[in-house]
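Remarks on the structure that follows.
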Amino acid sequence: MSQRKRVAAVGSQTKHFRRSQQVVLDEDDGDMSLTQPTSSQVQKARENFTPVQVDRKVAEVVQFILIKDQKKIPIRRADIAKHVIKEYKALYQDIMKRADRTFEQVFGLKLVEIDSKNHIYILVNKLQPVPGEPISMCPGNPKTGLLFVILSIIFMKGGTVKENVVWNTLKKLRVDVGEKHEDFGDVKKVIIDEFVRQKYLEYVRIPHTDPLEFEFRWGQRAEKEVSKMKVLEFIGELHNQEPQSWTQQYREATSVETSQR
Amino acid sequence: MSDSRRRVSRGSQEESASHANGMGGRSRPDRAADTGDEDDGAGPSGIHEEDDDPARRREIRSQYRDLINSVQQNREDMLNPANNKLIDVLEEFVHIAREAALDAQLLVLATDLGREKASQLHAEGSSFDPSAFAEHLLSFMGLNRLEEEEDDQDGCLYGYLPPDAWQRLSKRAEYCFRTAPSFHYMLGSFLAEPPPPRQRVERQRKAPSKEAKRMMPTQLKKMEESHQEATEKEVERILGCLQSYYSDDPQSPISYYEFVVDPASFSRTVENIFHTSFLIRDGLARIYLDDSKLPCIAPVEEGEVEPGGAAARHQCVISVSPASWREIIEAFEIKEALIPTPKTLTQEN
């Protein structure tokens, strides 16, 4: 079984896929049949299935996406089609629209497409976190802090950094990629494998470098899930400076904010 | 010199960050090319007389090589935003280029460095230094810096990070994210697992209890023996005392108080009362009230012992406190104990 279609546009170093992802291999076929059913096909499908059956399908899609989101690995439309929608293919648009509405109104979540070419989705929180109010009762996940540090460096350095900058800065924070860390274990694996697979980061090869060098960028999930303005504000707090003092970054943060509203 | 003219036209299309005009593609170091600093597009007319002198050209070439070497070796140094060595190099480069040969290798090197330095600059606003960022983060995470360390080479590898350092940072950093909370069933899934563990526990419990029971009796026996022995011995001893005192002078009654009280020790007094009570219980001694209604104690004669006999059996509870003990000593002027303590006995023996 050959592995076709790698995860979008990332020079990922993951050479092997997890078992659960091998089912993805036939996605090409599933994908093509999803595109543009004719209106008569849709009409016919609506007649074939009772509203109760369609309701059930919507609920199944919602549950599928919620479970898939646990590991924060983006969900392919093809997977949804193959494992849940199945014979209701023609009603895909209807079902997804209703699932969308369920997420927003019942859970306060938004289903966001982060890759319009390959149709990959993530769930983000519709509600803004309120400063002062605790976000969750759980103790903070240390990986969030680690990710924040890396995203900050990339953002403040203009959107791209050579990997060495990240490794060196982490070393100053007592996180040595060569050693096993108390909270993170194999740090390098967490960063270039887990975070990249979750689409928080991109780890891209720099062309024409010898020996091989890589650089980090914000991933597609980070672009949708992380607020650059809030990152800049926190960095300002740490440095005891106004966020506006970093004019270029401030400009970028405000333009993103307005475009996302 | 058509070659040089071609190179001039090609070169003028290039842009460089250096002060010199953008000239030259790849030229071999040996070739002397025309340069126009002030005289643009000088062409052949710009050939100086010195170019024809091989010695001069050699000198220029060696100056170039020196400059190239120094730039390559000091690359790191030059990239430091804090210094302007690159500008010095470029000034020197301009100086040489005006005289004679232009070395494109040096030019490429200089432009490359210039590009990197330019990318480090932000035309407006503060710069961002990852090292300073790291320091601020460490403070936020609650780093305890050790004051004594003066000779730190790396500068920041001393100090103690608390174990919840990263959680602290995460809790604050979470606000920058709009992460959807992970979905988990509240009550977990239903799996029938409890029965096997219970059996195991029961078996384990049974085994130790049997052994424990077996242990108990032997221990207890030993303890009771030792206790019983001690009490019996003591009681016998006291009986012996009583009998010897009585036999000394059978007619004079022995005051109970004088008999049991030990003026030196309250606890001995209590023990004496305790042991004497066994004598009374067993019928080996009797307490009676004399004419003054004070209690007296006397051993029972051999023949008089009547187990469970007609003699009136009374019971009484005796209590004594340190205060009353002292009162008795005062009242009866008890100077010494009639029942000697075991130690003194052995000494006598």
Side-chain angles (χ1 to χ4, degrees), chain A residues 63 66-67 69-72 107 109-110 122-129 131 134-136 139-149 151-153 156-158 165-166 168-170 172-174 182-184 224-227 230-231 233-235 238-241 244-250, chain B residues 76 79 81 112 116 118-146 152-186 189:
Chain A
Q63 191 177 28
L66 281 172
I67 308 263
D69 184 63
Q70 280 172 348
K71 293 246 161 54
K72 295 298 166 193
F107 295 94
L109 303 173
K110 244 204 291 220
I122 58 166
L123 275 179
V124 294
N125 206 330
K126 202 173 154 208
L127 308 169
Q128 292 279 357
I135 289 183
S136 76
N141 181 1
K143 283 184 189 165
T144 309
L146 178 66
L147 181 61
F148 166 79
V149 171
L151 289 175
S152 303
I153 299 170
M156 296 303 281
K157 279 292 193 187
V165 178
V166 171
N168 290 335
T169 313
L170 287 179
K172 298 204 167 82
L173 297 171
R174 322 297 170 89
E182 183 94 32
D183 291 305
F184 308 119
K224 295 283 189 230
E225 198 177 294
V226 185
S227 159
K230 293 211 166 80
V231 168
E233 281 169 1
F234 182 27
I235 294 177
L238 287 170
H239 285 76
N240 205 13
Q241 274 177 250
Q244 288 87 336
S245 63
W246 292 283
T247 35
Q248 286 187 330
Q249 291 89 334
Y250 187 78
Chain B
E76 274 309 308
L79 280 177
D112 188 43
E116 276 210 48
S119 72
Q120 281 183 7
L121 294 169
H122 278 108
E124 358 156 27
S126 322
S127 62
F128 177 77
D129 177 21
S131 307
F133 181 48
E135 285 296 310
H136 291 298
L137 282 170
L138 286 171
S139 301
F140 183 84
M141 294 201 276
L143 176 79
N144 298 311
R145 290 171 210 274
L146 307 175
D152 42 29
Q153 295 114 1
D154 292 310
C156 43
L157 291 184
Y158 289 93
Y160 163 72
L161 258 184
D164 69 339
W166 284 97
Q167 268 105 342
R168 219 184 280 199
L169 178 64
S170 298
K171 265 297 180 199
R172 174 60 183 89
E174 270 174 9
Y175 288 98
C176 305
F177 291 72
R178 282 187 303 162
T179 317
S182 285
F183 169 80
H184 293 286
Y185 288 107
M186 275 176 75
S189 55

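Chain A is the first sequence line, chain B the second, and so forth, proteins listed ahead of strands; every chain is numbered from 1. Everything numeric in this text was worked out from a predicted model, so none of it was measured.
The cationic group of B/R172 lies under 6.0 Å from the six-membered ring centre of A/F234 and within 45° of the ring axis, placing it in a cation-pi geometry.
Of all the listed residues (A/Q244, A/K230, A/Q70), the one sharing the greatest number of non-hydrogen pairs under 4.5 Å with chain B is A/Q70. If you tally non-hydrogen atom pairs under 4.5 Å between each of A/V165, A/V149, A/D69 and chain B, the highest count goes to A/V149. In terms of non-hydrogen atom pairs under 4.5 Å with chain B, the most contact-rich of A/L146, A/N168, A/I122 is A/L146. Interface summary for chain A: among B/S131, B/P163, B/S139, the most heavy-atom pairs under 4.5 angstrom belong to B/S131. Your options are A/Y250, A/F148, A/F184, and the one with the most heavy-atom pairs under 4.5 Å with chain B is A/F184.
Looking at A/L66, both its backbone and its side chain come within 4.5 Å of chain B, counting heavy atoms on both sides. Of the atoms belonging to A/D183, it is side-chain heavy atoms, and not backbone ones, that fall under 4.5 Å from chain B.
With sequence neighbours excluded, the residues that form a side-chain hydrogen bond (donor to acceptor under 3.5 Å, both in side chains) with A/Q63 are B/Y185.
Side-chain contact check for B/T179 and A/E225: at least one donor-acceptor pair (N or O, by modelled atom type) lies under 3.5 Å.
The aromatic rings of A/H239 and B/F128 sit tilted relative to each other, their planes meeting at an angle between 30° and 60°.
Within the model, atoms CG of A/L173 and CZ of B/F133 stand 8.0 Å from one another, a figure rounded to the nearest 0.5 Å.
Residues A/F107 and B/F183 keep their aromatic ring centres 6.0 Å or farther apart.
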